[in-house]
Chemist: 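Have a look at this one.
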Amino acid sequence: MNIKEEHWSSLLLDWFDSHGRELPWRDESPRDPYKVWVSEIMLQQTKVETVRPYYDSWMERFPNIKSLAAASQDDVLRQWQGLGYYSRARNLHQAVQEVQAKYGGRVPDTKKEVRALKGVGDYTAGAILSLAYGKKEAAVDGNVLRIFARLYDIEENVLSTAVKKQVAALVEEQMPDDRPGAFNEALMDLGATICIPKHPRCEDCPLGDICLARANGKESELPLRQVKKKAPVEKITVVVPRHGTKWLVHRRPPKGLLASMWEFPNAPGTGQDGIDAVRRMLADKGLRVSVDDSPAGSLKSIFSHKVWQLTVYEGELTDGKMGEEEDWQWIDRSDYDALPWAGPHGKITAMV
Ligand code: ADE
């Protein structure tokens, strides 16, 4: 059996019908979208067993949209007390008030409208739409990514946007027309009880016979997760030296970041150290420049692999003359728009 061509949803749903967990938010049919919403927000970053008593007491206190919308923020936070990540409660309260005001208390049933509610991301929107409204929408969280990485032997980083999209498409391809919500919850339960991290219980898995990672002996290796490293921030001091109506500009080297583009004189560093570094560089060109004490402004430029944090100072040529240099030019202000500026340097001209 080749999983890539197989429709395996009935294997999973049969297992779910006999092994699915009994949970307080699952005891109604059809499901109340408000209750699905509250439970999904509570279950973010929080274990099912921790959520159970909070969910029950919440529903006693705020049984519907109307009662939650009318509650004070203090009451809401008191009910949430101990669950942590309190912005979840504040966002939920605010979004429920929006539903009350804008939709007459009915949780909307389109992806666009649900997704626009505060605190509702793709996962929660998918859960509400599928569980309460029977729509064929995936709800992809870490558990679902792990299951699909194993089933389909996906060796790429599951935290990448591309893999998340691929998994959402695979979920929706398998999802049966008549039970989209049950399919999503079956995946949640499979991920929580069978297809668990590190040492999955493949011998008890309804999909064990068709799982590619298992066939290839890689069930404990997958999924691969690579957390994106935070781009390093480079602090740079920029000086804009003026002489009459002209400014001094420099062309970057022909290779590397922003190759051959024009910039104002700059050097790594901040404060007086940064200013001194730029002045030394200009002194090497035979130029003496006085620099203002306080900056004219600052700006940030984000590249894929680093962030430039520029602090910009105005300066004035006080002495010296530069020889003929291709890469260093005094240019009239009126010619500035025509220059190919190195990223953020183009914005500096509006600052000085
Ligand atoms: N984890 C997140 N959502 C869940 C749900 N609806 N049921 C069980 N576990 C969950």
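As the structure is a computational prediction, the values presented were derived from the model and not from experiment. First listed ligand is number 1; within each ligand, the first listed atom is number 1. Values reported hereafter were calculated over all heavy atoms of this structure, with side chains retained and with hydrogens, waters and symmetry mates removed.
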Chemist: For M188, counting its heavy atoms only, list the atoms of ligand 1 lying under 4.0 Å from any of them.
Modeler: 3 (N), 4 (C), 5 (C), 6 (N), 7 (N), 10 (C)
Chemist: Salt bridge check: are E137 and R115 linked by an N-O gap of less than 4.0 Å?
Modeler: no
Chemist: Which ligand 1 atoms are under 4.0 Å away from a heavy-atom of E185?
Modeler: 6 (N)
Chemist: For S334 and D332, test the side chains for any donor-to-acceptor distance below 3.5 angstrom and give the result as yes or no.
Modeler: yes
Chemist: Check L23 against ligand 1 and report side chain, backbone, both or neither, counting heavy atoms closer than 4.0 Å.
Modeler: side chain
Chemist: Under 4.0 Å from any heavy atom of E40, which atoms of ligand 1 are there?
Modeler: 2 (C), 3 (N), 4 (C), 5 (C), 6 (N)
Chemist: Would you say the side chains of R31 and S39 form a donor-acceptor pair under 3.5 Å?
Modeler: no
Chemist: Can you list the atoms of ligand 1 that are under 4.0 Å from a heavy atom of Y123?
Modeler: 2 (C), 3 (N)
Chemist: Taking only heavy atoms of R21 into account, list the atoms of ligand 1 that are under 4.0 Å away from them.
Modeler: 8 (C), 9 (N)
Chemist: If we ignore hydrogens and angles and just use 3.5 Å, is the side chain of K135 paired with the main-chain N or O of D109 as donor and acceptor?
Modeler: yes
Chemist: Hey, is R61 close enough to D75 for a salt bridge, meaning N to O under 4.0 Å?
Modeler: yes
Chemist: CH2 of W341 to CD of E263: how many Å apart, nearest 0.5 Å?
Modeler: 9.5 Å
Chemist: With a 4.0 Å cut-off on heavy atoms, is R26 touching ligand 1?
Modeler: yes
